[in-house]
Amino acid sequence: MLLIHCPHCDEARPEIEFAHGGEAHVARPLRPAEMDDAAWGRFLFFRANPKGMHAERWRHAHGCQRFFNVLRDTRTDEIAASYLTGAPRPDLPSAPRPDPEAAAAAPSRPEA
Amino acid sequence: MTAARVAGYGRIDRSRKLGFTFDGRTHLGHPGDTLASALLADDVMLMGRSYKYHRPRGPVTAGSEEPNALVGVDRGPGRYTPNLRATTIEIHDGLKAESQNHFPSLKWDFGAVNDMMSPLFAAGFYYKTFMWPKSFWRRVYEPVIRQAAGLGRPPKAADPDLYADRYAHCDVLVVGAGAAGLAAAEAAAISGAKVMLVDEQAEPGGALLAEIRVEIDDAPAQGWLAARLAALNARANVTVLARTTAIGLYHQNLVGLVQRLTDHLAEPPEGAPRERLWRVRAKQVVLAQGAIERPLVFDGNDRPGVMLADAARTYLTRYGVRVGAKPVVVTAHDWAWGAAVEMARAGASPVVVDARDTVSSALLAEAQALGVEALTGWTVTATHGRLRVKGVTANPVRGAHVGAGRRLPADAVLMSGGWTPTLHLHSHVGSPIAWAAEREAFLPAQTAKGVRVAGAGAGAETWADALGEGAQAGAAAAADAGFDAAARVYAVSEGLKPTGRRMKEMASHLPSSRQRAFVDFQNDVTAKDIRLAVQEGFRSIEHVKRYTTSGMATDQGKLSNINALTIAADALDKEPPQVGLTTFRPPYTPTTFGALAGHAKGKLFQPTRRTPIDPWAEANGAVFEPVSQWRRAWWFPRKGESMHEAVLRECAATRERVGLFDASTLGKIEVVGPDAAEFLERIYTNPWRKLGVGRCRYGLMLGEDGFIRDDGVIGRVAEDRFHVTTTTGGAPRVLAHMEDYLQTEFTDLRVWLTSVTEQWAVIALNGPRARDVIAPFVEGQDLAPEAFPHMSLAECRVCGVPARLMRVSFTGELGFEVNVPARHGRAVWEALWAEAQKHDGLAYGTETMHVLRAEKGYIIVGQDTDGTVTPDDAGIGWAVGKAKADFVGKRSLARPDLIARGRKQLVGLAVEGATPLEEGMQLVDDPAQPVPMTCVGHVTSSYRSAALGRPIALALVENGRARMGETLHAPDPALGPGGARSAVICSPVFYDPEGARLDA
Ligand SMILES: [Zn+2]
């Protein structure tokens, strides 16, 4: 279970209090009617899904009910930052990768 | 008698005797015994039958990694636990244990016929054999396999035990209270850090509990251990938990612990929980899980009496049980020589067969001094005996040549292929491991943040290393947690660092195909199976694992994984790191569902929400149904009435006179602020700016993808205040959806949202007499049709309490909804109920509500829609404000696939026959077409209509609105082969299509 820092409550709380809200920094277009189908489709359906640092939205559903953003490394689940909605994404590098030899020996995924 | 208790050894309390039964026979043991040690003391070696071949099996280990000696323990009704490891069960007076997986008895088992047919059951047997003929799978193969498969039998009754749970926080959590764990805990504890030290065994100490030759800090190991534990237990900042398994390591140092509280007690205290699940958030974690000895792979290595060398040593030194008088020690590692020497000291006559040509002269000298015969450069090619090993065939090996065999008598075979560091918890969080060539083992390559691995798990091979590295890990953990900590050094008297050689199968003159050399004891996987998998083209260890099932039993391959890998790597002509190891996943050992469920079962599984009117419904005989977390009155049966009869009566009375309905579960959100109308304008499809104060409108909510998410009536209470209702199940989701847009997109709007679902009790009155019933109680609002037309809202008083009165209808009849503060709900309901009685009215439940709304074609979001339905699909395109520039979902309504022809549209079905269709039935044009048929739609709602006197249904049908009057068919296997119901497509509005009754 992740421990997530809510920037509104300024407390790290267990994941069970939060609801995931998808990728962050995907702003709703101001004039959807002017967008063609392809552009609108990209906004609706296409997400970065990176292996590495991911900016994502969380809502403190069983707390202050407010949305905020988190930077989480999807390989290690390490949370590098949490920040307010509307604030720019902090400029943090992805955590260093394990050395290739170790990675080769790493348990493979997925598993039943 | 060959296995027996011997004097002068062990930590057991010989002054006390405990009586227990195994397969109905009574045995005596001592406090400190496990079931396995007590049975071995009585010369019982045969403890179970294997999973696939039903081969006789005895214990291989003395710990939780045991694959073979699985037994069931019966603690009374509902308290039967299968598949417990005899090597970890503490005995107590009255313990009842039984062996498993045999019929009729452990010694004579029909299932053992599988063993004779074993050539048929090689790896992949199921995949290859049970393919054809296809029909045989369901009728023949599956029932037979299901009958034969599985270990043990599950209990039939509900589990009557109580399971507790607890949260804890600490600075340093140490997993494993062996030498490394103790040293780590001590180093952290002295610094003042809050420390938890947990161990799966009944007493802390790990391998030290079996160590009788080594001195630590000039004290015998056993005495040193007792003193260290006493010192730790005396500290207020230390919690030591025995019988506590760390089942998993999760994100950010959350550790799951299962503490066994009462299973080891003869008489558990009344009401005491059986187990406790701990969720510990530790600032720092030290993993000191130790290491597990590797079995050797040779023909007949599973015969009862063949066990790991260190297990035999542990039975002797910890439990005072010598497992054999004439043990043959088979090894490729120095460690087993210690076991041979200890057995010799206890009066046994061991022979050592070491696969290595040269062994250190010190070992040889020590063995020779005790009269132990040593055969170096030899192999074992067979074991003999049926239910118990009687001998082995040992052969000299010269290069690739295996010489003539020599039969050695043996009543036990002790094997050792070296040690495998236990890295389960380390791997749970995805931390990488790396092959250490000099150690021939995987070791941690990089640990997760705040996690350290110490002791044998990190590769330590001596007590001094384990203690020293443990202390350093503990001190470093405490320092990282903010304490001033230092590691101390321990003085240890011990022999040389043991070394060994990693083995594939032991050399033999027989090819692997002609040997029964087991790799995975619990799943009966042999070396031949692993080689066969490689030969058939499997390259990844994950695929080899699944094809052979090696490592997939309840022990998760604790003994087998490294041997399977070594053999697969050999077959592939690769090094182990190139083949890789399979992933370990929680839990570390099998865990009860009870511990995981804790208190969340029965009534406490989830909350039951009740409305203020619920007690009245209960007193008036309502039948209830769960709707999301609410319990709602489903119907109100009168004496002797079926559900069908009651619902017809409730429907008729409501349409003809008046019915009362508890609608309090409707989601309600108060939307307030100067920009409230603008906010709704953007969130709902309908226009809201011009809605007058005191007026209501049906609101339709879409997702940004254009599909229906929710609906409900919205009333304007004031210029800046709206009363929004949602579906019963959708309230939290709708609020979250609104909050999302308000907080992250429409941040320019001054609007506040408040959930008021539980603040208002809602009573719906429907039927031509509804106005007559409510009128006497209303103050401050003229109810005349002109003064209070359909879709009006007023703040007034009802029964003297402040109310929001709405004139709305979900039945097609004249309808009112009275919202009053929840605390007045029941009193107002009872007043209205008494008045309704004068008009021969009644109360109706959710089933009648469903029928009445379906007769009018009113949709229920989530029943008639499924997340892929647009407003036009549902026939409510009129609710979309065409002139609006934008709202959530508007742009998507113009997506090509949402305006394409052939979408499913909501229609009514006039059903032929007297019984309703099943909801969810698929609809086809031609019921005689071959399977798989082309489905053109499905039934979403289906009821008996009281008003029409026949069954009706709503359905989503491709191009449905253009197909009025056409007949569709619903295949129904219950009617026999080719059976189908038929129905004619019609308007979804079955009743009063002009809507005249709304204005009655
Ligand atoms: Zn918060």
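In the text below, chain A, chain B and the rest are named by the order of the sequence lines, each starting its count at 1.
Summarising the geometry of A:Arg28 relative to B:Val888, their closest heavy-atom pair is NH2-CA, 3.7 Å, with the distance given to 0.1 Å. For B:Ala894 against A:Asp37, the heavy-atom pair with the smallest separation is O-OD1, 4.1 Å.
A 6.0 Å sphere centred on NE2 of B:His543 holds no more than 12 heavy atoms belonging to other residues, nucleotides or ligands. At most 12 non-hydrogen atoms from other residues, nucleotides or ligands lie less than 6.0 angstrom from CZ of A:Phe46.
One distance of note links CG of B:Asp705 with CH2 of A:Trp40; it measures 10.0 Å at 0.5 Å rounding. Once rounded to the nearest 0.5 Å, the distance linking CE of A:Met1 with CD of B:Gln252 reads 10.5 Å. Atom NE2 of B:His251 and atom CG of A:Asp77 lie 3.0 Å apart (nearest 0.5 Å).
Contact of B:Thr747 with chain A is not made at all, since no heavy-atom distance falls under 4.5 Å. Contact of B:Ala736 with chain A is made through backbone and side chain together, with heavy-atom distances under 4.5 Å. The part of B:Phe887 that comes within reach of chain A is its backbone (N, CA, C, O), which places non-hydrogen atoms under 4.5 angstrom from that chain. Both the backbone and the side chain of A:Leu3 come within less than 4.5 Å of a heavy atom of chain B. Of the two parts of B:Glu704, the backbone and the side chain both hold a non-hydrogen atom closer than 4.5 Å to a non-hydrogen atom of chain A. For chain B, the nearby part of A:Asp36 is the backbone; its heavy atoms alone come within less than 4.5 Å.
Between chain A and the residues B:Glu745, B:Lys890, B:Gln743, the largest count of heavy-atom pairs under 4.5 Å involves B:Gln743. With chain A as the partner, the residue from B:Ser892, B:Ala448, B:Ala885 showing the most heavy-atom pairs under 4.5 Å is B:Ser892.
B:Thr744 places a side-chain heavy atom less than 4.5 Å from the side chain of A:Arg57.
For B:Glu739 (side chain) and A:Arg59 (main-chain N/O), no donor-acceptor pair under 3.5 Å exists by modelled atom type. In terms of modelled atom types and a separation under 3.5 Å, the side chain of B:Arg891 and the main chain of A:Met35 share a donor-acceptor contact.
For the pair A:Arg66 and B:Asp740, the salt-bridge criterion is not met [side-chain N within less than 4.0 Å of a carboxylate O]. Classification of A:Arg31 and B:Asp886 as a salt-bridged pair fails, no side-chain N sitting under 4.0 Å from a carboxylate O.
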